[in-house]
Amino acid sequence: LLLLSLGVAVWLTDQWLPDWTSSAPLNAAFSITIVLMASVVVLALSMFILKVRSERLLRKEEQLRPTGIELLTSIAQGATADRLTIDHLAAFHRRSPRLAHELLSGALALQKGEGSSLLAAAAQLSGIAEDWRRMARSRNAEVRCHAITYLGRLPPGTAVEELRYALGDPEELVRVGAALALINSGDLDEIERIFQALPRQTTLVRALMSARLSKHSVALAAGPIHRALESDDSARIIGALDLLVSWKRSLPAPGVGPLLRSKDDAARARAFQALPYAMGAKASLDDFEEALQAENNEVRCAALSVSARCGTPLLVPRILTLLKDPEPTTATAAGYALASFGMTRLLESTIIEGARPSADIAMEALEKVRIGRLTL
Amino acid sequence: VIEHSTLFGRVFLTVELLLIGYVAAINLLYFVLTIIGFFTLQRFSGRIFQAEIDTLVNSTALPGIGVIAPAYNEELSIRDSVRSMLRLRYPAHEVIVINDGSKDGTLAVLIEEFRLYRSSRVPLGSIPTKHVRGVYESRDPLKLLVIDKENGGKADSLNAGINFCRHPLFAAVDSDSLIESDALLRMAKPFLDDDTTIATGGIVRVANGCKVEGGAVTEVRVPDSLLARFQAIEYLRAFLGGRVAFSLLNALLLISGAFGLFRRDVVLEAGGFDTNTVGEDMELVVRLHRFMFEKRRAHRIVFVPDPVCWTEVPESVRVLRRQRNRWQRGSLECLWKHRKMFYNPRYGMVGMLGFPYFFFFEALGPIVELLGYVMTISGLLLGLIGKDMAILFFVVSLLFGLLLSLACITLEEFTLRKYPSVRDLRILLGAAMLECLGFRQLTAVWRLEGIIDQMRGKTAWGKMERRGFKPAA
């Protein structure tokens, strides 16, 4: 094939380019050389110019930083009424907008109460807050993201409209920033709205939100989580259960009980995981028995992991059979469950029997009990 | 002097023309890939900021990660490496060190330093590996597992680590590489964004010359040695130019063995790392693609354009030659093993773009490049090519190479841990200019040696000597 294609190429060259070393290709190569040389020079030069400029800017900002910090400290300590200080802040903002935004938003994040209100008032009067509002409408996603972070640091209720609008932003990080700021404001209606939207978000967003929502866990458990657990929407149920599991905090959630018999394996497994934290959720022996016999490995493991905390020793014979489960994760979870029930004798006899891998798993579980680290 | 009209002259000129076409195609492709890389790095979407990282570090909703680090005769550096891996910022990670039959005191150092006891931990995976002599865990509340096994190579050690790992994700790392403290979170992000992600890789940067404190790079500097500077340029070109673009097209064929994050269940299903290859990192990625396409499962293998790992590159010509030889053999082995994927639409963009690219431009690259030099010189001597044409061709090739290097240095300015000073930039630009004159040709020769060794059936890894990182002043 190689020889054939070479032959074809020779023939084609002969036909179309009988004298390819003539001046035409030479001219073309020469032109390309000129273009490339020019590109190299332009690229190298522009890189240098940009680098030098950014270094200068950084140096300038470093020089201005102490002045800015001093100015903001004096404002936070009660100098807002002083028109001159506000004028100074506005002038500082004009001189180095990026640094002014960074310092002011940083100060707003650190200050609480009176200091925060004074800084917010200064932001309004100096026109910096207006600048942030303008930035929040920018076409550049990065600028919008920064603006939402800054606006979110203003005292609760100051920039609600902008933050609410940003919840519909096409950029994920802008939406997250707005949601986090609204959660921090403590407005329960806003928080519930954000909670409702959670099941449709990615794992990353849910992880970010669950950390911030934990402050409002009691209020959420009483209303939105309760309603979600009683709904027919699988995504909402799983979202609510995930939150309960991630908070690791005892909360009233009787709705978890019926989900232990759910036909949806993912919801059922999560219901078992959430059971230790769900106050008022009732789990019967049958719920556990059925879950331990479930076809789905995730359900079996979840039931095993909470069996000692929420089940009864009556489950032990069933768990012992799972020690021989062909699925290694289930068998290991069974070993740990037996250890959690304090069945050391049973584990020892499994080791003496010597049937592998159950003997090895029993040994591991026993060892973990002895050193006090019984977590999978 | 041979006439153009003779059969030899015509064949010669045709081959020369094909070579010019090849050079034009490869440069054009690299240029397009670099431009795609430029736009991807500029994109805001997909980034993660420090505030988010700080929130996620305390989240209980993230999947756990087992950080698997094979170690062989590393008694001098293993203490610091493990400490730095234990310090990684991630809410649920466990460090799994595999002592791959070290002949020195690697295991003894680990036992003493981390107060290890012989544990009864059971492997949950069943990939066949060399005999595991013992498993150790720390008496202290450290998430550390040490597996002591008979020597079986890096791939075998990683397989042992996968068997013992109990987290849904695992990171395969080189124990002598430095990992950025937020690297696990950055690399895990694509898994959190999209359930179909099965593997991620990040930018590996050259650590030579950088200041290192407590197992972390504290100051980014250009390497002192010229050879390391050339490699710094090469790494930038490889990671920022090619991989960003291939990831966008889901045709990424390589995740660096220095640091890659994988979904454990998928790797277990696919059979783990291949122990019979010297390029186990590339082979696994290609096999994962193949496995998922054959099972008709949606999947993504993603390149994270963040610097996540720092590695020490060889500063001696002898060691570098061995390394390049091994890389070339690894690529060829992998391409041959999975030749079924070549231009096979069943394997999507991997078969239609990634695989042919690797074959034509990475595997055949050194042959064509060296053939080009030989033919140009002999053409000049035989009077088949004009002197001016030869010089122009040479200058155009050099300039194109230089332009690509400069473009990648520009791209580097968009990454998070860039070279900080104008002086560093000046040194890098100088190295980029010199790199085209000699170093590139030399690596082509070493890679050609790799092709010949592969054909002869050579399978040795070759010894990698390291100088150690520069401590902070």
Side-chain angles (χ1 to χ4, degrees), chain A residues 6 9-10 12-14 17 19-21 25-26 29-30 32-33 36-37 39-40 43-44 46-48 50-52 55 140-142 145 149 171-173 176-177 180 202-208 210-212 242 245-248 328-329 331-332 335 357 360-361 363-364 366-367 371 373 376, chain B residues 4 7 10-11 13-15 17-18 20 43-49 51-52 55-56 58-63 117 119-126 137 139 141 166 189 191-195 384-386 388-389 392-393 395-396 399-400 402-403 406-407 409-410 413 420-422 425-426 429:
Chain A
L6 192 66
V10 170
L12 285 174
T13 314
D14 243 20
L17 294 166
D19 188 15
W20 69 284
T21 51
L26 207 65
F30 189 71
I32 293 170
T33 313
L36 283 176
M37 277 176 81
S39 313
V40 167
L43 199 60
S46 45
M47 216 173 359
F48 260 115
L50 284 176
K51 191 81 181 174
V52 170
E55 270 205 358
N140 184 322
E142 192 168 357
C145 190
T149 309
E171 185 57 53
E172 183 181 80
L173 278 178
V176 169
L180 294 180
T202 61
T203 313
L204 178 83
V205 175
R206 290 205 302 270
L208 283 168
S210 72
R212 293 292 175 95
D242 276 345
V245 174
S246 73
W247 290 336
K248 296 193 185 304
T329 47
T332 312
D360 293 340
I361 292 166
M363 177 71 109
E364 181 186 329
L366 206 56
E367 179 187 289
I371 62 166
R373 269 192 224 162
L376 255 177
Chain B
H4 290 164
L7 180 65
R10 274 192 266 167
V11 171
L13 290 178
T14 308
V15 174
L17 206 62
L18 287 174
I20 291 175
R43 249 183 9 172
F44 180 75
S45 299
R47 279 198 222 166
I48 186 162
F49 290 101
E52 279 80 43
T55 308
L56 288 173
N58 300 312
S59 170
T60 51
L62 300 192
Y117 70 90
S119 156
S120 309
R121 180 135 149 192
V122 181
L124 297 187
S126 54
E137 284 182 88
R139 288 188 174 85
R166 289 189 176 171
K189 189 179 177 286
F191 290 93
L192 307 175
D193 285 337
D194 187 346
D195 292 341
L384 286 165
I385 302 172
D388 37 8
M389 185 67 181
L392 265 181
F393 179 60
V395 171
V396 169
L399 283 175
F400 234 124
L402 183 60
L403 188 67
L406 289 182
I409 298 172
T410 315
E413 285 290 302
S421 69
V422 176
L425 197 63
R426 226 170 36 221
L429 287 177

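None of the values given here were measured: they were computed from a predicted structure. Naming convention: chains lettered A, B, ... in sequence-line order (proteins, then strands); numbering from 1 in each chain.
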Minimum-distance pair of heavy atoms, taken over all atoms of [X] and [Y]:
X         : Y         : value
Glu364(A) : Ser120(B) : CB-O, 3.5 Å
Leu62(B)  : Ala207(A) : CD2-CB, 3.8 Å
Glu55(A)  : Ser421(B) : OE2-CA, 3.2 Å

Part of [X] within contact of chain A (heavy atom distance under 4.5 Å):
X         : result
Pro63(B)  : neither
Leu429(B) : side chain
Ser126(B) : neither

* Asked: In terms of heavy-atom proximity below 4.5 Å to chain B, should Asp242(A) be classed as side chain, backbone, both, or neither?
  -> neither

* To do: Under 4.5 Å heavy-atom distance to chain B, tell me which part of Leu208(A) shows up: side chain, backbone, both or neither.
  => both

* Check whether any side-chain N or O of Thr60(B) sits under 3.5 Å from a backbone N or O of Ser246(A) as a donor-acceptor pair, and report yes or no. => yes

Gap between atom [atom2] of [Y] and atom [atom1] of [X] - 0.5 Å precision:
X         : Y         : atom1 : atom2 : answer
Arg212(A) : Ser59(B)  : CZ    : OG    : 11.5 Å
Glu52(B)  : Glu172(A) : CD    : CD    : 9.0 Å
Leu56(B)  : Leu204(A) : CG    : CG    : 5.5 Å

* To do: Go through the steps to decide whether Arg166(B) and Thr332(A) satisfy the test side-chain contact (heavy atoms from CB on, under 4.5 Å), and finish with yes or no.
  => CA-CA 11 Å; Arg166(B) 289 189 176 171; Thr332(A) 312; 3.9 Å; yes

* Asked: In this structure, which one of Leu192(B), Asp193(B), Asp194(B) forms a side chain to side chain contact (heavy atoms under 4.5 Å, CB included) with Thr203(A)?
  -> Leu192(B)

